[in-house]
Asker: 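Quick one: the structure is below, questions incoming.
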Amino acid sequence: MTTPIATSQTILVVGGGISGMTAALEAAECGKQVILLEKSPTLGGRTALLYRYFPKLCHPVCGLEINLRRLKGNRNVRVLTLSEVSRITGERGNYTVEVTVSPRYVNENCTACGECAKAVAAEVPNPYNYGLDKMKVAYLPHDMAYPLRYVLDPSAVGTEDAGKAKAACKYDAINPDMKHEEMELTVGAIIWATGWQPYDAAKIQPYGYGRYPNVITSLEFERMSDPHGPTGGKILRPSDGKEAKNIAFIQCAGSRDENHLRHCSRICCMASLKQTQYVREACGEEGKSTVYYIDIRAIDRFEDFYQKVRKDPSVRFVKSKVARIAQESRSGDLILHGVDTEGYHRYANNHDLVVLAVGMAPPVKGVDIPAEILADSSGFLEPGSSIFGAGCASGPLDVNRSVQHATAAALRAIQVINKAAGEEASV
Amino acid sequence: MNELNIKYHNNFLMEVEENVEEGKWVKMCMQCGVCSGSCPFGPHWAHPPQELFMMVRAGKRADVLNSDSMWMCTSCYNCVVRCPRKLPITQIMHGLAAYANHLGMAPKTQPTRDFSLLFWKNCTRTGRVNELRLTLGLYFNDGFMAGIRKGWAMRGIGLGLMKAGRLNAFELFKGHVCKDRKGVHAMLKKAAEIEQRRKHPAS
Ligand SMILES: Cc1cc2nc3c(=O)[nH]c(=O)nc-3n(C[C@H](O)[C@H](O)[C@H](O)COP(=O)(O)OP(=O)(O)OC[C@H]3O[C@@H](n4cnc5c(N)ncnc54)[C@H](O)[C@@H]3O)c2cc1C
Ligand code: SF4
Ligand code: SF4
Ligand code: SF4
Ligand code: SF4
């Protein structure tokens, strides 16, 4: 791999989700040189793993496609995948960034024909479906992957499968001898768009995630609802593969909780409201959704969406934070215990599937961000850091707000670059 | 005070903050319901913690202080470990009970309260708990005949304990006293003074 030419006139964007892509494109379309650095083998981030977007319930594919087209048509952005920042030195206007690039074991010749995937035998849990199914060790992350190039999983290297994949490839694209590479970039401004991570649901002990198979996260539910997902769009119970018809959504699972995440994750109320409509789509009138909530936070223009769901007879709302979940061992059904705070009624409600609306945690709390930065009490980037946060790296945001936020970050980075250029010119 | 003010005594939250142990936390409750849903007493008491906290904030002074709900708390701490706002719920429950007792507003025939008073008297008198007297005191709490009946019913256990050397009948008459009984009393007196001073710094 050749190290891209970078100068103090270059903007580095770390994280290739919707926020990073937006920041990179906005700056590039203003004529700036941009390097977009992504840790995983593909751009797109978590939005590529959603079935539909609220509030209009459109498919994320179209938003991503527009951005990918912009990217392909722009010569100012260089994309580095499988890359991570290991160290940043210097200051605003002149940074030196050390980057580690992991091997993909597949080179530019790849046409994404898929023959290598057919040839290999071993499988690994599929992270793009949150481990709900498995994928071959030679794989394409998902249909929207960019670059559209296969990956050979490191676990296959040195095994028979690597040889099989190589033999199956007609384009000489597979190279199991690729090594890790280190490179050093000089850049003038840095935008940090590393997004978010789902809060580890297993830590919410009374809800039994990880112990009860039919307690899943909202992210797993997104994949399940997607016709291209692991269940072909059917809402199936992990315990017995039966179709779930009586589904509970538990809000604030890990958010607004001093024992877990202190902040409100802001999007999970809307995400659950949206997901009740997936239930309706998958099961029709037979599907029943029950939303257990402290209060519904459908911010500003989303109120209309909330009111619409309120009127849906298939959706029931219970104002209560569920105290604990028990499992009926024979049926695998779940019994939710708590108190309905509208009237202080105790309940013990049966459901066949429970979806935890998990909170948004910062990507990797504090540690992974090498240079000196400011983080708030939850670990999100604060404004005023020398590195500009964009999108969910700075706090829980939906896609629309992430994009706005990323555009603002691009503007700030451009100002730094222009200032540096001005200073150079005046010397 | 107008009628509404009398009905919803809105200074009650402040009163609780000043006088009840950990009372300053009551305003932090976000009424999520987890404590009520977690309490093993479930439906068996009038007001679960979350409801009590709402009543405090709504100024329902008499309803709260006359209630026997906070006397029911067994200190299992289920609610405390789950409360998303980390309220020291158990302490507040006991704090409310103690405050109601202090004001003479606690329910008169509440078994937990009866036992607490008996226990306190028993252990502060000599500086140590006299188990035999405490047990018998409890038996006779409901009247003389009830006490005899209870004692008769439990005689097997009593005899067993005696044989095992776990119970000494003479404790009923003389009983052990702690070495420095005066010291214990002085300490309790001092503690009461400090408590008084903390509550009314001016006096
Ligand atoms: C259940 C659920 C449903 C949702 N539904 C909707 C919806 O319907 N509509 C809506 O508007 N929003 C929705 N959201 C919110 C949406 O997912 C986010 O707004 C969006 O993902 C934010 O994009 P991002 O680019 O900031 O972060 P991400 O999507 O997390 O992207 C971050 C990228 O950075 C990369 N990265 C991370 N760390 C590093 C590193 N150290 N170095 C390099 N790269 C790194 C990651 O691999 C990733 O590609 C939903 C969220 C949840 C939880
Ligand atoms: S690596 Fe080769 S076989 Fe595999 S998808 Fe690419 S071109 Fe096809
Ligand atoms: S958005 Fe809703 S579910 Fe998510 S943390 Fe906030 S209140 Fe809870
Ligand atoms: S669990 Fe805590 S915040 Fe929730 S109702 Fe009880 S005291 Fe209030
Ligand atoms: S500590 Fe008291 S109030 Fe809390 S759950 Fe246990 S019994 Fe109920």
Side-chain angles (χ1 to χ4, degrees), chain A residues 199 201 203-209 248 250-265 268-269 290-297 317-326 334-349 351 354 356-359 377-378, chain B residues 8 22 24-60 63-64 66-93 96:
Chain A
Y199 184 71
K203 286 188 183 157
I204 316 166
Q205 192 272 343
Y207 293 166
Y209 179 83
I250 299 188
Q251 297 312 108
C252 306
S255 304
R256 297 175 70 187
D257 193 328
E258 294 289 338
N259 303 303
H260 302 286
L261 300 169
R262 2 190 14 225
H263 58 269
C264 163
S265 296
C268 15
C269 275
T290 311
V291 182
Y292 294 87
Y293 69 102
I294 302 175
D295 35 46
I296 295 288
R297 294 186 169 173
F317 289 85
V318 180
K319 187 166 167 56
S320 165
K321 185 171 169 72
V322 174
R324 78 185 165 91
I325 300 178
L334 303 152
I335 305 152
L336 275 55
H337 292 275
V339 164
D340 183 343
T341 64
E342 288 177 320
Y344 304 99
H345 304 301
R346 279 208 151 228
Y347 58 78
N349 294 347
H351 291 282
V354 173
L356 303 180
V358 287
S377 63
S378 295
Chain B
Y8 299 104
E22 304 287 6
K24 63 178 190 303
W25 280 94
V26 172
K27 65 169 173 288
M28 293 302 290
C29 168
M30 65 166 160
Q31 291 290 300
C32 72
V34 155
C35 52
S36 304
S38 303
C39 185
F41 271 96
H44 304 296
W45 59 359
H47 311 298
Q50 166 217 4
E51 192 180 6
L52 270 183
F53 300 160
M54 198 63 223
M55 288 163 72
V56 169
R57 301 202 301 214
K60 304 209 166 194
D63 289 344
V64 170
N66 290 334
S67 162
D68 81 337
S69 290
M70 51 273 194
W71 295 95
M72 305 281 276
C73 171
T74 57
S75 313
C76 73
Y77 286 86
N78 245 355
C79 53
V80 175
V81 295
R82 287 185 192 159
C83 173
R85 288 279 175 92
K86 283 200 167 158
L87 265 76
I89 301 166
T90 316
Q91 285 90 329
I92 304 171
M93 297 305 269
L96 281 171

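Just so it is clear: chains get the letters A, B, ... in the order the sequence lines come, proteins before strands, and each one is counted from 1. Here the structure is a predicted model, which means the values were calculated and not measured.
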Asker: Does any heavy atom of chain A fall under 4.5 Å from the side chain of B:Met54, the backbone, both, or neither of them?
Answerer: side chain
Asker: Go through the atoms of A:Arg256 and report whether side chain, backbone, both or neither lie under 4.5 Å from a heavy atom of chain B.
Answerer: both
Asker: About how many Å separate OG of B:Ser67 and CD of B:Glu51, when rounded to the nearest 0.5 Å?
Answerer: 9.0 Å
Asker: Determine whether a donor-acceptor pair (N or O, by modelled atom type, separation under 3.5 Å) exists between the side chain of A:Gln251 and the backbone of A:Asp295.
Answerer: no
Asker: Using a cut-off of under 4.5 Å on heavy-atom pairs, state which of B:Ser38, B:Pro48, B:Cys35, B:Cys79 scores highest against chain A.
Answerer: B:Ser38
Asker: How about A:Tyr209 and A:Tyr199: are their ring centres within less than 6.0 Å of each other?
Answerer: no
Asker: Taking the six-membered ring for Trp, is the centroid-to-centroid distance between A:His351 and A:Tyr292 below 6.0 Å?
Answerer: yes
Asker: Counting heavy-atom pairs closer than 4.5 Å to chain B, which one of A:Arg324, A:Arg262, A:His345, A:Lys319 comes out on top?
Answerer: A:Arg324
